[in-house]
Amino acid sequence: MDILSHLTPMFFALIAAGTAIGIIFGAIPGMTATMAVAVCLPLTYAFGLENGIALLLGLYVGGISGGMVPAVLINIPGTPSSITTTFDGYPMAKRGEGERALKIGIVASVFGGLFSAAVLFFFAPLLADFAIKFSYVEKFLIILLALTVIASLCSNMLMGVFSGVLGVWLSLIGTYSITEGGNGEPRLMFDFMQYYLIDGFSLLPVLIGIFGLTTVLLDAEKGFRDETGQGPISLKNGAKFRFGVFKGQLTNLIRSSSIGTFVGILPGVGGSAASVLAYSQEKNFSRDSSQMGKGAPQGIVSSESSNNALTGGALVPLLSLGIPGDSTTAILIGAFTLQGIQVGPLFIGNNLDTWYLMIIALLAANVLMFGIMYFAIRHIARVIEVPKYILYPLIIMMCVVGAYAINYGIMFDVWTLLIFGVFGWVAHKIGLETVPLIIGFILGKSAEVYFVKSLESYGNYSIFFTKSPIAVCLWVLIAVSLAFAIYLRVRSRRQAAVES
Amino acid sequence: MKAIWSKTCLAVVASAAIGMSASAQAADDCPLPGNLRVVIGSTSTGGDTYQNSSIVVDQLADKLDINAKVDAVGVMPGFQALERSRHGNTVMIFHDGAYLGNLYGVNGYPDIFDKFIVGPTIAINPGNAYLVPKDSPYQSMSDIIEAAGDGKQIKVAIQPGSVSEIGFSALKNAVRMKYPGKEGNIVAVNTGSQADKNQLLFDGAVDVINGSVQANEQYTQLPADDQKAMRFVWITAREQTIAETDEAGMGDTTREQLLQYVTPNVSVPMTADQDFTFDKEFFFLYNKDMDPAAIQCIDDALAEIYDEGEIQQQQKRSFFVPDFKPSQEAASYLKEKNDQYKTIINDLKG
Amino acid sequence: MESQWLSLLDVTIDFDQSHLFFPRIVTWILVVLLAIILITRYRRLVPGLKHAGRVLAGREGDFDHRRFFGTLALTTAYFYLMGVLSDVFPNTGYSFLIMSVLFVFLLSLLYVDRPTRRLWVILVLNALIAPTLAWYVLAQLFRITLP
């Protein structure tokens, strides 16, 4: 009964406002869901717990969803978890199907979000008990599995793997972080760099440097010749969106949503791995994946359903163990502590009302996200028609805001943006592949911690094979994933040979 | 050329406008900027440092009628920002980790008493605790010390080089005093977040973990047959500190119950006649060149805030123990604390 | 027999040196991969470098020097001056605001081919309004820390 009294118009208004603001944050390159939640956290104190949570969950869902907009329209992922959305989204946008691509993404997002909310509601404590079966060893293997996707995502195996390893290498620059259990000693750099690089390069500036600034540089090099006047891409031509596109996508939706939810549940694996894993599994296991990477709806479906499924998943360990599942939920925990509410294994039992309200808020946020985006998308998609001489300076400006704000005001992060913008341009010229590189960069640090800590505890390399049945299963998955990637590569090469 | 001109003009105009508004904002006798930035030594906005800082900084901003914002930049960027800010535009709030890192010889940690000005203390987080699995054979810290003396290896999960390690060092030191040469049986398992520490306990990879009352209390309420169930063995705070928390304690654990885990009920000797205690205290840090008048101003404002008494309620609600000491007193107090722990850490090294 | 075989895989990591353990492995993999790349592709390396040199020197290919290096120079100046100016106006975001207005305007100007009067107005308005809006919403409403 008490719950109903909380379901005020204010409650839903805050969810709607949160979702809308979140979408805007997600849609601006450089701004992320995490940032949206962080800046609004102090507001929650005034709103009280229930309404505060409503706002934050709206921001979370909106922020993750909004990330697809720049990914599709300008080939710059708005958040790290929408990298894979660019693979098929941008080619579709170039064909004039930007609106269609976005609508596919929205529908996939809402599916993923609702799927994970349902999983959260029905299985949270159960899944939390399963998640704690994953020790350092199993987490390392999950990361290894995520790294194997490089093999299926790169266009040239040798260069792709090299880029991936280079990404891992770059992520290790800095000190072996004490907060991760390291010894705080610097490596892979000279002494004079220590002042700036003591914490290494941050992910977000690296990401928006490589995707955002590099894009600008590549276009600047070509001189924007056809640019004054109309943008080259129009929204007029190209196929229209129909729900029929989801025919035959149910397996994809469920598989990707499950992967997203599960990656969210595992603390410390990193949310961005979700969409990458889901995308490559779709590529490996779908009946026809030959068009993926050239503008296939199924790619957007897997990417977007998995990254939205992350939301419910990441809330599982938060609410049933008191441990955040990703960077955004790490901030959500602050909303509870600010209100003096403990989150831990007894949270759900002790705060049933809050628990139900959170589920309602999560459902409402997804539905509202769908409503807002589906109908606003026609207008949002027009961003693509803004001439680049207007758009690009603003993108750089917003990237600066994002880079500077992600760690609450560090100027070196802005320089990181430039360093990796130029690096991305050079990489492009010499044939390095940026997506494997970023994936390596995202996963590198956790790979190190889990690898070194496993060996520290067990003292033998064989532990990776003998630790548990879960470890064995993960090795099977890694082997299958690699085998498929190689098989697909050989098959497509043969097809190409036949065609020519 | 044209561009440079317009740039200069704009800058001049803007600076004139801003200079006026800034000076208008600053209070009469308080040489503090209208926009104060408070960096903290943690990157988490869900953690105790952020929470505590935001309570204090909000009140302070109200009292001084300025804008103040807490930025969770982390330890090294925090120190760097503080070092650069000669004019007191940036101040820092951090806890005992600030000097413990230096004592443990962690790369990059300066001697804060030398490099910065130590400002007022504001609160204590009394929650620093050590836990064992619910079905652990060790009922108390004495059991652990005895077992180590008996030749048993005891693994303790900690985050190295900070607040999390100091209790571990004290334990090791206690074993060294009672059973010289046996302190090697207390083994650190260095790890990161609370999640990682808990996980090591669930895996059975360690015997004891460092944790906190806030984060681990619910785990102590689980039934014994749950893999996740834990039990407090030691809360490092002083008895008097815990006595000042709310009577209701934390979660389902009352203050009365919490008091069972502090000295003298749990004894980890530091010297022959004194038990080791550790209160995690939060305090301000200032740039060496900060205007003494500004420091005085913050001291005075805080004194007023603490006199009003509302902040104490707010801190207690979040399981902090209010603990205001003005700059000078705080600096000498913390220096003393630093020297005390320095002895323990050095004794263990030698 | 089995335990002998397993002991080959034994490893002890000294905590004080543990920061080098994983980076060493990764560096070696990287070096080996680089060697393979160089061996398999050295034929393409020299002509590639020559070509790149000629393009950058402007003797070959479609390479818009003015816009490419202009972008780089403007961005570098933007970041640098923003840092300098933020010490003048600490914690207000004014540095971001002022530099962004200039940067957005100059970069737009660099990218436009033949600016008409109408275009000038658009560029000026855009450079004034967009950064101000961003500054107001982010620094004032959301209280995000800006340079």
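Below, chains carry the letters A, B, ... as their sequence lines are ordered, and counting in each starts from 1. Every heavy atom of this structure was used, including side-chain atoms; hydrogens, water molecules and symmetry mates were not.
- Among A/G182, A/G409, A/C40, A/A38, the residue making the largest number of heavy-atom pairs under 4.5 Å with chain C is A/G182.
- Residue contact with chain A, scored on non-hydrogen atoms closer than 4.5 Å, involves the backbone and the side chain of C/P131 alike.
- Atom CD1 in C/I13 sits 11.0 Å away from atom CG in A/N183 (nearest 0.5 Å).
- Taking all atoms of both residues into account, the shortest heavy-atom contact from A/L172 to C/P23 is CD1-CA, 3.8 Å.
- A/L217 touches chain C through backbone and side chain together, each having a heavy atom under 4.5 Å away.
- Interface residue A/M411: only side-chain heavy atoms are found under 4.5 Å from chain C.
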Stepwise, does the side-chain contact (heavy atoms from CB on, under 4.5 Å) test hold for A/M398 with C/L138? CA-CA 11 Å; A/M398 290 319 293; C/L138 298 171; 3.8 Å; yes
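- For a residue to count as touching a neighbouring chain, one of its non-hydrogen atoms must lie under 4.5 Å from one of that chain's; by this rule A/P42 does not touch chain C.
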Check the pair A/I390, C/I122 against side-chain contact (heavy atoms from CB on, under 4.5 Å), reporting the backbone distance first and the verdict last. CA-CA 9 Å; A/I390 298 278; C/I122 292 177; 4.0 Å; yes
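- In this structure, the portion of C/F96 lying under 4.5 Å from any heavy atom of chain A is its side chain and not its backbone.
- Residue with the most contacts toward chain C among A/Y408, A/Y458, A/W415: A/W415 (heavy-atom pairs, distance under 4.5 Å).
- In terms of non-hydrogen atom pairs under 4.5 Å with chain A, the most contact-rich of C/Q17, C/R41, C/M82, C/R143 is C/R41.
- Heavy-atom distances place both the backbone and the side chain of C/F79 under 4.5 Å from chain A.
- Looking at C/I36 and A/F162, their side chains never come closer than 4.5 Å, going by heavy atoms from C-beta outward.
- Neither the backbone nor the side chain of C/R66 comes within less than 4.5 Å of any heavy atom of chain A.
- With a threshold of 4.5 angstrom between heavy atoms, A/V161 approaches chain C through its backbone and through its side chain.
- For a residue to count as touching a neighbouring chain, one of its non-hydrogen atoms must lie under 4.5 Å from one of that chain's; by this rule A/F465 does not touch chain C.
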Given the rule in the side-chain contact (heavy atoms from CB on, under 4.5 Å) test, do A/L394 and C/N126 qualify, once you have shown the distances and angles that lead to the verdict? CA-CA 9 Å; A/L394 298 181; C/N126 178 50; 3.7 Å; yes
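- When the shell of 6.0 Å around OH of A/Y196 is examined, it contains 12 or fewer heavy atoms from other residues, nucleotides or ligands.
- Heavy atoms closer than 4.5 Å to chain A are found nowhere in C/S86, neither backbone nor side chain.
- Both the backbone and the side chain of A/A447 come within contact range of chain C, judged by heavy atoms closer than 4.5 Å.
- Only the side chain of A/N156 has a heavy atom closer than 4.5 Å to any heavy atom of chain C.
- Here A/V401 is the residue among A/V401, A/I173, A/V216 with the most heavy-atom pairs under 4.5 Å with chain C.
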Please report the C-alpha distance between A/Y389 and C/D113 in whole Å, then the side-chain angles of each, then the deciding distance to 0.1 Å, and finally whether the side-chain contact (heavy atoms from CB on, under 4.5 Å) criterion is met. CA-CA 10 Å; A/Y389 57 80; C/D113 272 332; over 6 Å; no
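- With hydrogens and angles ignored, the 3.5 Å screen pairs a side-chain donor or acceptor of A/R187 with a backbone N or O of C/H19.
- Residue C/D16 touches chain A through its backbone alone, counting heavy-atom pairs closer than 4.5 Å.
- The aromatic rings of A/Y392 and C/Y111 lie perpendicular to each other, with more than 60° between the two planes, well past the 30° mark.
- Contact of A/V400 with chain C is made through the side chain alone, with heavy-atom distances under 4.5 Å.
- For C/Y78, the part lying near chain A is the side chain, with the backbone staying farther off; criterion is any non-hydrogen pair under 4.5 Å.
- If you measure heavy-atom distances from A/I28 to chain C, you find no contacts under 4.5 Å at all.
- Screening C/V31, C/T27, C/L30 for a side-chain contact (heavy atoms from CB on, under 4.5 Å) involving A/V165 leaves a single residue, C/L30.
- A distance of 7.5 Å separates OH in A/Y176 from CZ in C/F15, rounded to the nearest 0.5 Å.
- For chain A, the nearby parts of C/A130 are the backbone and the side chain; heavy atoms of each come within less than 4.5 Å.
- With a threshold of 4.5 angstrom between heavy atoms, A/F451 approaches chain C through side-chain atoms but not through N, CA, C or O.
- Looking at C/I25, the atoms closer than 4.5 Å to chain A (heavy atoms on both sides) all sit in the side chain, from C-beta outward.
- With a 4.5 Å cut-off on side-chain heavy atoms, A/E185 and C/S18 do not count as touching.
- The shortest non-hydrogen separation linking A/A220 to C/D64 is O-CB, 3.5 Å.
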